[in-house]
Structure formats: C-alpha cells, structure tokens
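Every chain is numbered from 1, with letters handed out A, B, ... down the list of sequences.
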Amino acid sequence: MVRVRFAPSPTGHLHIGGARTALFNWLFARHHKGKFILRIEDTDRSRSTEEYIESIIEALKWLGLDCDEGPYRQTERMEIYKAYAYRLLQEGKAYRCYCTPQELEARRQQAMKEGKPPRYDRRCRSISEKLDKPFAIRFKIPLEGESTVQDLVKGPVTFKNSELEDLIILRSDGTPTYNFCVVVDDFDMKITHVIRGEDHLNNTPKQIHIYHALGIEPPQFAHIPMILGPDRSRLSKRHGATSVLSYRDEGYLSDAMVNFLARLGWSYGDQEIFTKDELIKYFNLQQVGKANAIFNAEKLLWLNSEYIKLTSEEKLLELVIPFLIQEGYLKEGETLDLAWACKAIKSLKERCRTLKELAHAMRYYILDYVDIDPKSKEKYITEKTIPLLREITEKLEALEEFTQDKIEKIFMDMVNEKGLKLGQIAQPVRVVITGSTVSPGIYEVLEIVGKEKTLKRLRRVIHAS
RNA sequence: GGUCCCAUCGUCUAGCCCGGUCGAGGACGUAGCCCUCUCAAGGCUAAAACACGGGUUCGAAUCCCGUUGGGACCGCCA
C-alpha cells in the first residue's frame, strides 16, 4: 500500500512550489490507490502560526487535494521524538553536545573566514561522562564510507560520509529538529514514498543514516525539481503573487491551477489539457523532469481561459457570483435569473481569461446604466452618430420581440437604406450600451441587456446631447 | 568556498534510458494573414532551441569526459 505525505511548515501561505509538491504526492497516491497524508511541520514554534495552518488547508481544499489522514501536527508528537532521541543516546548512536549556539556561530564565522567548510568539529563526540551543563543531542554520522540515495527522479546520488555533519536532533530546550522529526514521522506513519522538493536532496543522506541507526528501512525517495521565478531564482514574494489562494482570489479556476502545476516538471507526450482523472491515470514519477522550471504566469492565464471555455455556464455562474458581489454589481443574497445569466455568460466566456474579467464584463448586462469610456464616447458619440442613434432607438422601441434576429434585421435594414457600413451604427450603439468599444456581437448583447435597459441607455445619451 | 543537482525555441516541454525514422515535434507568448459590427475565440503561416569543447561511433540532441552556465544545500530553520 502506497502511503505518501505532504509536510508543509506553516510559516507562510501555500505557494506555487509547495502546491505542486502536494499535487505530485496526491496524484501518486491516487494513481496507486494509496493514502495521501497531511502533516504539519510546526516544530519551529516561533515562525509557525495557526493562521497559516488554516490557510494551507484551505488552499489544499480549493485545489481538491483531499487528504486521507491528518492533519497530524508535530507539536503534538514531541514526546515521541524525544523518546527516540534518547534511545539513540543510550545506544551510543548519538551524544550530548555542550557547545552553546554562540560558540558554534563564532566557530562558523571563523571557519568561513579561513575559507574552510563551516562544519561542526565534533569536539563533544569524545566526551564520555555526563556534564552538568545544558546540552543538545547530536547524531553520530559514520566518519568514513559513503551513502547512496536511490532517487526515483534523479537516479543514484552518492555522498561521502566525511562531508556530512553530526547534526543536532534534539535542541537544548528539548525540542527535536526537522531532520530527525521527518525520519521518526515517516517511519511512524508508514510512509512508503517521500516525494519532496530537490532542496531536501542534501538532507537525505543524513536522514538515511538516522533510519539505519534506528534499525529501520528508509522509504523510497523522489526529489522533484524546483520552481523558479522569471529571474531564475527561487520563487518568493518579490516575484509577485506566489500564494495559491491569491490566484483563487484573482479568478483562476482550481482545475486550471492543478493542470498548470501538473505540467510544470511533468509531461505526457504533447498533451496540455488534462482532466483530474486523466492526471491520476497518467501520472508517474518516471516522466518527472530533472531540470528546474520557471513559473510562467502567461501560460497559467491561457490555461485558465481554456478551462473557462470548458466549464458550463451554470457552473461559471456559481463561481462568478462572489466576484460580482465583490465588484458591487450584485448585492449579497440577490439572485439572477438562471437562464438569462447563463445566456449572458455564454456570450462572454470565450473572451474572458479569469472569473474576475467575466464579472467585470457582466456589468453591462446587470446594471441599469454603465459608465462610458471617455475616449470611446469622443470617437463614437458625435453629432453625426446621434441622429443614427435616435433612429435606431425608435425602431428598436417598435420591436415586439426583442430577439437577436429581429434586432439584426433592424440594423441591416438601416444599413441598407442609408448605405452605411455596419460598424458605423454598431459601434456607437455598442459604446452606449456597454460603455466601451469591446463586447460580444451587438445583436446578442442587445437581446441579453433587454429592451428596457437598451432604450433607457440610448435615450439618456440622446437627451444629454 | 565545499558538497550535490541540472542543461532542447524567451517560457513549459516531446525526443535521450534502448544512437540512425530529428533537415528536432507540441504548447504558451510574439508577428502576419483569414474570418469579422468591435474584441475575443477559431483557422492558417512565420520567426524561435539540441550551452560550448573534446572523445566513442559508419552515424550523437541521444553514450563518455571536460568547460561554462544555472540552481539547491551547507542553522540548536524547515
């Protein structure tokens, strides 16, 4: 039974990189009909917050990455780590280190200055008696030999033990450290595959030594490449929106985000668009690339527009309502006629790339009056076009059935009578009705806006001039 | 600085493991054309890459070595 975990530390919102790690784990679990476990690595109490834990869970939920177990919290398991650490101490596989953080820091600085590797010199490793001083517990790394990580993505990676440091597993305040907790937890939670960011690759040999010291078999490892910002450095706040939830708030669909994330570092031939089921069916670690990937916001935007096109009008309506409320086009609790709203969305869905854009475009369907863009007004609402607007208003007013084809006939008749080009009348009307020169087809727009609002807007403009 | 990882169009990538079918394919973006009441969408076309240098081989994007470049890690952070 495959068991994988996503183990974020709640020191920030779930970002793009973390989300992809979570996704790969989730896909791997679902593909193998295994379990996906969430574990919160909050041993750094000073930087972890409840708010971030909730935010991460919310983001996972939005992405649809449901977990089968957890969230477990490391802070609730402190006694377990402590017991394992003392067991290693008793068995002589770890030792008390009496060096203070200040001393260690000073020595590190010194070593750096001399151009030497800033590694702990193991001076406490040989102290056999117990001193009456505060101590941390350090793990004994074998002095010689080498260890190889059989990585499912990178292949075999070998490290010399002499390059590894005796790491602290229990701090002097009795709290355990990351590299130790992971091992204990992954063992305790029966994790079979550790799929995580490449930034952990260098930690892996240390962890493997801890597994061996504990007398347990390490899980399989898969280190996936990093996601970099456009400047090729690690994705961070200064690259703008990197929090997954900020994309939700900007009107991205979670399936588009999932699809985007999946294709960052993984591929399946030339296919670009995948349903979740396809992703589950096709996902494998062999197809995960080895090279880092740069986050390409343009492609995400494109994917989002593709997903909007693929989504039903009913579903889009449901999704766009919060944005309509946010934009102030709809009051909380107010509803729209379902059939009418779907027609409106249908006319707009292929020209909007986000739900936010869709909501904004819907303003001219929903509101009584719209603000007219000054430049468009200057160009299209002129003394030449006002008579045309007046005439078309009269004709539209006389129309019994305010439908697309009837409206079209009125426009075409007028164009033919006067020898105009359609644009000469369509554009002024568009500007009056939608407030700008850009919209779906004018007949469609008028039908959806409806006779009443159409006439109101036309008359207001005519009377104002 | 040390250790480790990586290297195909600007970007995501296919191909690489199992050399010849690659005069390197797809997608985003960009440019142009078509469609057209505007804007999109759609269709067509174009520019655009095997980092470099050595091997191995009849033949290398594919295998080996080196160089360069990028990234990660070197904490009583995770």
Side-chain angles (χ1 to χ4, degrees), chain A residues 7-11 41-44 46-48 74 97 99-101 104-105 108 111-112 114-120 134-138 149 151 153-155 157-160 163-165 167-173 175-179 181-182 197-205 223 225-226 228 230 232-234 260 263-273 286-287 289-303 305 309 348-353 361 376 380 408 411 415 421-427 429-431 434 436-443 445:
Chain A
S9 68
T11 54
E41 310 227 321
D42 56 352
T43 51
D44 182 0
S46 60
R47 295 201 299 149
S48 303
Q74 290 189 325
C97 174
C99 303
T100 65
L104 293 169
E105 183 54 30
R108 231 190 321 272
M112 294 282 251
E114 291 168 19
K116 285 192 280 194
R119 204 175 304 135
Y120 178 60
F135 61 88
I137 296 180
R138 272 190 199 271
V149 180
D151 195 272
V153 171
K154 304 283 182 184
V157 183
T158 302
F159 297 84
K160 285 196 188 71
E163 298 292 339
L164 270 27
E165 156 172 272
L167 65 153
I168 286 172
I169 56 175
L170 205 70
R171 300 182 187 102
S172 49
D173 66 358
T175 61
T177 59
Y178 164 75
N179 279 111
C181 295
V182 205
E198 193 185 295
D199 47 340
H200 291 285
L201 184 57
N202 289 296
N203 287 322
T204 311
H223 288 93
M226 306 270 84
L228 274 24
R232 303 197 158 271
S233 75
R234 204 176 166 165
F260 174 74
R263 279 287 287 103
L264 220 49
W266 173 83
S267 62
Y268 186 77
D270 285 339
Q271 192 169 339
E272 294 287 348
I273 306 218
Q286 293 77 44
Q287 281 304 313
K290 295 180 179 189
N292 293 340
I294 293 171
F295 175 72
N296 182 194
E298 285 285 346
K299 190 154 184 178
L300 171 58
L301 197 54
W302 167 75
L303 256 177
S305 70
K309 275 179 241 161
L348 293 167
K349 65 193 276 195
E350 70 187 20
R351 45 202 109 213
C352 294
R353 295 180 300 178
S376 308
Y380 291 105
E408 177 171 5
F411 273 74
V415 161
K421 280 190 180 165
L422 183 54
Q424 289 175 287
I425 180 67
Q427 279 303 76
V429 172
R430 189 188 316 277
V431 169
T434 71
S436 87
T437 55
V438 172
S439 85
I442 191 65
Y443 319 128
V445 167

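- Annotation: B:U11 and B:C4 have their P atoms spaced 27 Å apart (nearest Å).
- Taking for each of A:Arg263 and A:Val153 the nucleotide of RNA chain B with the nearest heavy atom, the 5'-most of the two is the partner of A:Val153.
- Per the geometry, CG belonging to A:Leu264 stands 19 Å off P belonging to B:A27, to the nearest Å.
- When rounded to the nearest whole Å, the span between NZ of A:Lys290 and P of B:G15 equals 13 Å.
- For the pair A:Arg108 and B:C74, the criterion of a side-chain N or O lying under 4.0 Å from OP1 or OP2 is not met.
- Of the candidate nucleotides B:G75, B:C4, B:U13, B:G75 has the atom nearest to the side chain of A:Glu165.
- With a 3.5 Å ceiling on both atom-pair distances, the Watson-Crick or G-U wobble partner of B:C74 is B:G1.
- Spacing between atom OH of A:Tyr268 and atom P of B:U13 amounts to 18 Å, rounded to whole angstrom units.
- For A:Arg232, the side-chain atoms get nearest to B:U11 when compared with the rest of B:U11, B:C6, B:C77.
- For B:U11, the paired base is B:A27 (Watson-Crick or G-U wobble, both distances below 3.5 Å).
- Comparing the same atom, C1', in B:A27 and in B:A49 gives a spacing of 15 Å after rounding to whole Å.
- You won't find any donor-acceptor pair under 3.5 Å spanning the side chain of A:Asn292 and the base of B:G71, going by distance alone.
- Within the 4.5 Å cutoff, the side chain of A:Tyr178 has heavy atoms near those of the A:Glu41 side chain.
- Going from the C1' atom of B:U56 to that of B:G19 covers 11 Å, rounded to whole Å.
- You'll find a donor-acceptor pair under 3.5 Å spanning the side chain of A:Ser172 and the base of B:C76, going by distance alone.
- For A:Arg119 and A:Glu163, the salt-bridge test passes: some basic side-chain N is under 4.0 Å from an acidic carboxylate O.
- At a threshold of 4.5 Å between non-hydrogen side-chain atoms, the residues A:Phe159 and A:Val149 count as touching.
- Using atom C1' as the reference point in both B:U62 and B:U8, the two lie 11 Å apart (nearest Å).
- Relative to the side chain of A:Ala291, the nucleotides B:G1, B:C5, B:A7 differ in distance, and B:A7 lies closest.
- Here B:C44 sits opposite B:G32 as a Watson-Crick or G-U wobble pair (both hydrogen-bonding atom distances under 3.5 Å).
- A:Gly289 comes within contact range of no nucleotide atom at all, as no heavy-atom separation falls under 4.0 Å.
- To the nearest whole angstrom, the two C1' atoms, one in B:A7 and one in B:A61, are 12 Å apart.
- When rounded to the nearest whole Å, the span between CD1 of A:Ile294 and C1' of B:G71 equals 10 Å.
- Among the protein residues, A:Cys181 comes within range of no part of the nucleic acid, since none of its heavy atoms lies under 4.0 Å from any strand.
- Here the side chain of A:Trp302 is nearest to one of B:C4, B:A27, B:G2, namely B:A27.
- You'll find the side chain of A:Asn292 stays beyond 4.5 Å of the side chain of A:Arg232, heavy atoms only.
- In this structure, A:His200 reaches the bases: a heavy-atom distance under 4.0 Å links it to at least one base atom across the strands shown.
- As rounded to whole Å, 14 Å separates atom C1' of B:G75 from atom CG of A:Asn202.
- Contact check, A:Lys309 against B:G42: a side-chain N or O comes under 4.0 Å of OP1 or OP2.
- Comparing B:A72, B:C12, B:C76 by their nearest atom to the side chain of A:Ala293 picks out B:C12.
- Within 4.0 Å of A:Asp173, counting heavy atoms only, lies no atom of the nucleic acid at all.
- One interatomic measurement links the two molecules: CD1 of A:Ile273 to P of B:U13, which rounds to 17 Å at whole-angstrom precision.
- B:C16 and B:G23 are spaced 15 Å apart, taking the P atom of each and rounding to whole Å.
- Put simply, the side chain of A:Arg430 and the base of B:C37 share a donor and an acceptor less than 3.5 Å apart.
- The residue from A:Asp199, A:Thr204, A:Asn203, A:Asn202 that alone fulfils the side chain to side chain donor-acceptor pair (under 3.5 Å) condition with A:His223 is A:Thr204.
- For the P atoms, the distance linking B:C63 with B:A14 amounts to 14 Å, nearest Å.
- Under the Watson-Crick and G-U wobble criteria, each requiring two contacts below 3.5 Å, nucleotide B:G19 is left unpaired.
- Pairing for B:U38 is absent, with no Watson-Crick or G-U wobble pair whose two atom distances lie under 3.5 Å.
- With rounding to the nearest 0.5 angstrom, the CZ atom of A:Arg171 is 5.5 Å from the OG1 atom of A:Thr43.
- Both A:Thr158 and A:Ser9 sit near RNA chain B, but only A:Thr158 has its closest nucleotide nearer the 5' end.
- For the pair A:Lys421/A:Gln427, no side-chain contact is recorded, criterion being any heavy-atom separation below 4.5 Å from C-beta on.
- You'll find that the side chain of A:Glu41 is closest to B:A78, out of B:C76, B:U38, B:A78.
- Distance CG (A:Leu104) to P (B:C77): 11 Å, rounded to an integer number of Å.
- For a distance-only test at 3.5 Å, the side chain of A:Glu272 qualifies as a donor-acceptor partner of the base of B:G26.
- Of the side-chain N and O atoms in A:Arg351, none sit less than 4.0 angstrom from OP1 or OP2 of B:U38.
- Base pairing analysis places B:G69 opposite B:C6; the two distances defining the Watson-Crick or G-U wobble pair are each below 3.5 Å.
- Ranking B:A78, B:G1, B:C5 by closeness to the A:Pro118 side chain, first place goes to B:G1.
- The side chain of A:Leu201 lies closest to B:C5 when the candidates are B:A41, B:A78, B:C5.
- Atoms CG and OG1, on A:Asp42 and A:Thr11 in that order, are 10.5 Å from each other to the nearest 0.5 Å.
- Taking a pair to require two hydrogen-bonding distances under 3.5 Å in either a Watson-Crick or a G-U wobble arrangement, B:C63 pairs with B:G55.
- Contacts of A:Pro8 with the nucleic acid, taken as non-hydrogen atoms under 4.0 Å apart, are absent.
- Using modelled atom types, no side-chain atom of A:Ser376 and backbone atom of A:Val431 make a donor-acceptor pair closer than 3.5 Å.
- The CG atom of A:Leu301 lies 13.0 Å from the NZ atom of A:Lys299; values are rounded to the nearest 0.5 Å.
- For B:A78, one of the phosphate oxygens OP1 or OP2 lies less than 4.0 angstrom from a side-chain nitrogen or oxygen of A:Thr43.
- Of the candidate nucleotides B:U13, B:G71, B:A27, B:A27 has the atom lying nearest to any side-chain atom of A:Lys299.
- We find that CG of A:Leu348 is positioned 11 Å from C1' of B:C39, with the value rounded to whole Å.
- Listed candidates were B:U11, B:A14, B:C12. Nearest to the side chain of A:Asp270 is B:A14.
- One P atom belongs to B:C52, the other to B:U30, and the distance between them is 28 Å to the nearest Å.
- Here A:Tyr443 lies in heavy-atom contact (under 4.0 Å) with a base.
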